[in-house]
Every structure is written in structure tokens, then in C-alpha cells.
Amino acid sequence: MKLHLTLFVAGETPRSEAAVRNVERLRGLQGDVHISLEVVDVLRDPERAETARVMATPTLIREVPTPPRRVTGDLDDLRRVMAVLGLHPLPAQHTKED
């Protein structure tokens, strides 16, 4: 399975950095799935955010496979993020950062 994710963040803030770390953790836990990730800073590329209809950050969008799915806000709950994205569920010990 292949996934393409786009993560929209607002600047280089602790919240943006946490969102990137959480998505990277998710990628590492999905060994059988090839996940490509593009990070878009809405402050540097507001047109891209407008085109994608991103109203809040962080927003994670699964672009491929279609139809697109999105998660907005806190990405700490990996179980919720994975459910929305249609990924394999994780055991409870992997859902929150230690």
C-alpha cells in the first residue's frame, strides 16, 4: 500500500514541530506501508493552504489513495489519526508519546 500525506503547519513553532514528529512516528510504525510526506508551511505558501481549504493547523491530509481524508488539530492521538487515514490500528502502548 502507498500513501501520500500532506501536513499543513504554521511556521516553525513547537506545535508544528510536534505535528511533524507525530507523523514521522506514524510512518515508522507502518512498516508495510510506503508513506510519503510533504510538509507545507501555510505562512510561506498561503495559496497552497487556500487551494486545499485548510482553515486550521496542523492539518494532515491523505491525498493518495483517494478519496482524500483529513485530520485537523492535535495529532498526538495516533490511534485516532490512523483510524481517519485508514491505517492499521496500533496496540495501546504505541498511541501516545512516552
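Residue indices begin at 1 and follow the sequence shown.
- Scanning all heavy atoms of the two residues, the minimum distance from A10 to T57 falls at CB-OG1, 3.5 Å.
- Looking at heavy atoms from C-beta onward, I61 lies in side-chain contact with V54 at the 4.5 angstrom threshold.
- The salt bridge (charged side-chain N to carboxylate O under 4.0 Å, His left out) check on E12 picks up R44, with sequence neighbours excluded.
- Looking at T6, its side chain never comes within 3.5 Å of a backbone N or O of E38 through a donor-acceptor pair.
- Hydrophobic clustering places I35 together with V81 (ILVMFWY residues linked when any side-chain heavy atoms are closer than 4.5 Å, directly or through intermediates).
- Between the side chain of R62 and the backbone N or O of P68 there is no donor-acceptor pair closer than 3.5 Å.
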>> side-chain contact (heavy atoms from CB on, under 4.5 Å) for T59 and L7? Distances and angles first, verdict last.
In response: CA-CA 6 Å; T59 293; L7 175 62; over 6 Å; no
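- Heavy atoms only, all atoms of each residue included: R15 and P58 are closest at NE-CD, 3.1 Å.
- Criterion: ILVMFWY side-chain heavy atoms under 4.5 Å apart, direct or through other members. Under it, L5 and L78 are part of a common hydrophobic cluster.
- Between atom CG of residue L43 and atom CZ of residue F8 there is a gap of 12.5 Å, rounded to the nearest 0.5 Å.
- Of the charged side-chain nitrogens involved, none lies within less than 4.0 Å of a carboxylate oxygen, so that R21 and E24 do not count as a salt-bridged pair.
- Atom CG of residue L37 and atom CG of residue L3 lie 11.0 Å apart, to the nearest 0.5 angstrom.
- The shortest distance between side-chain heavy atoms of R48 and T51 does not fall below 4.5 Å.
- The side-chain heavy atoms of N22 and D76, taken from C-beta on, include a pair separated by under 4.5 Å.
- Within 6.0 Å of CD on E17 lie more than 12 heavy atoms contributed by other residues, nucleotides or ligands.
- A search for salt bridge (charged side-chain N to carboxylate O under 4.0 Å, His left out) contacts involving R69 returns nothing, not counting sequence neighbours.
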> Are V64 and K2 close enough, and set up right, to give a side-chain contact (heavy atoms from CB on, under 4.5 Å), and what steps lead you there?
Replying inline: CA-CA 7 Å; V64 174; K2 292 184 180 184; 5.7 Å; no
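- R70 pairs by the salt bridge (charged side-chain N to carboxylate O under 4.0 Å, His left out) definition with nothing, not counting sequence neighbours.
- Residue D41 holds its CG atom at 9.0 Å from OG1 of T13, rounded to the nearest 0.5 Å.
- Cluster membership for L60 and V42, using ILVMFWY side-chain heavy atoms within less than 4.5 angstrom, is not shared.
- By the 4.5 Å heavy-atom criterion applied to side chains, L26 and L87 are counted as neighbours.
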